[in-house]
Amino acid sequence: MVEAEARGRVPIAVFASGTGTNLQRLMDVEQEDQAWPAQIRLVVSDKPDCLAVARAQRAGIRVFARQPRDYPDKAAFERDVLEVLRECGIAWIILAGYMRIIGPTLLEAYPNRILNIHPSLLPAFPGRHAVRDALAAGVRETGVTVHLVDEGIDTGPILAQTRVPVDPGMTEEALLERIHRVEHELYPQVIRALLTGRLSEKRREWD
Ligand code: GAR
């Protein structure tokens, strides 16, 4: 991307712990869409060996990937993360499969500036195993939620939700794939609306 294009874009950091398909989608949109309002300047991970880190490295994006257990506590880990976020001039933190609770250090530095995507219709099925939990509960419908992050586990103001049907006898793998397809559409739409100040106008479409 040429410098001039990058200039008007909002600097974001994507946090990821897993396969990084949502990260990949955001990287692809950034490359493909001239009007896309964000630029991924940093990828943060708590799992240095995860696929999301490899995807970021392949794309030439700066990566901060360290194990929190190598630090005395969460605050010390987040202080290190914060230093890099500031160095990169990050305005928004986008969680994309980041499987850790964000602590006060980052919440206070980025109040209402941390976004999360979650594979259920919150407040149903918060936590790490939302897809498995929905299947175990026998629901006929689950979904995807995008919300601002607060100090709770998958709580915080909901910005958008999309329903996803669950077929009888569906495997976790099949449902996850269906959910991923929805996430890859919804997350860029919400980020675009948020960063271009058109969130309230778009919200009606997602409800
Ligand atoms: C996504 O389905 C995301 O909603 C979920 O992790 C997956 C990451 O997939 N997040 C949570 O469960 C957060 N509580 P990806 O690494 O392929 O983007």
Side-chain angles (χ1 to χ4, degrees), residues 12-31 38 40 42-59 61 63-65 67-68 74 78 81 92-103 106-107 110 114-137 139 141-166 170-192 194 206:
I12 62 172
V14 177
F15 284 36
S17 310
T19 53
T21 64
N22 281 284
L23 166 66
Q24 186 66 56
R25 174 72 177 139
L26 297 177
M27 294 192 304
D28 291 347
V29 179
E30 181 177 323
Q31 287 305 313
I40 303 173
L42 179 70
V43 167
V44 172
S45 183
D46 57 331
K47 297 218 179 327
D49 296 331
C50 75
L51 203 52
V53 165
R55 290 178 193 269
Q57 284 165 340
R58 207 181 308 137
I61 294 171
V63 171
F64 176 98
Q67 311 236 38
K74 186 194 284 274
E78 289 197 345
V81 174
W92 278 85
I93 294 174
I94 308 295
L95 307 185
Y98 185 68
M99 295 303 189
R100 272 178 198 275
I101 296 164
I102 301 292
L106 290 179
L107 284 171
Y110 286 86
I114 306 178
L115 202 61
N116 184 39
I117 190 159
H118 183 79
S120 77
L121 293 175
L122 290 172
F125 311 118
R128 301 168 76 92
H129 305 294
V131 177
R132 191 185 308 167
D133 293 347
L135 282 173
V139 293
E141 182 180 79
T142 182
V144 173
T145 301
V146 177
H147 67 97
L148 292 172
V149 174
D150 64 10
E151 63 289 345
I153 300 177
D154 299 319
T155 54
I158 291 175
L159 304 186
Q161 288 188 309
T162 299
R163 294 166 194 280
V164 174
V166 182
M170 208 173 187
T171 62
E172 187 177 338
E173 199 187 5
L175 181 54
L176 187 59
E177 199 193 313
R178 190 176 276 181
I179 283 176
H180 265 147
R181 278 205 298 272
V182 171
E183 290 186 335
H184 298 165
E185 292 308 308
L186 186 65
Y187 218 9
Q189 286 178 22
V190 178
I191 292 168
R192 186 191 301 273
L194 195 64
W206 298 318

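Both ligands and their constituent atoms are indexed starting at 1 by order of listing.
Using a 4.5 Å heavy-atom cutoff, the side chains of H147 and P157 are not in contact.
Looking at D154, its side chain never comes within 3.5 Å of a backbone N or O of P126 through a donor-acceptor pair. Within the 3.5 Å criterion, the main-chain N or O of D46 finds no donor-acceptor partner in the side chain of S17.
The ring pair (Phe, Tyr, Trp, His ring centres under 6.0 Å) search around Y187 returns none, not counting sequence neighbours.
Note: K74 NZ to I101 CD1 = 6.0 Å, rounded to the nearest 0.5 Å.
Ionic pairing of R181 and E185 is not present here: no N-O contact between side-chain nitrogen and carboxylate oxygen is shorter than 4.0 angstrom.
Each of G18, T19, G20, T21, N22, G97, M99, I117, H118, P119, G127, D154, H180, E183 has a non-hydrogen atom positioned under 4.0 Å from some atom of ligand 1.
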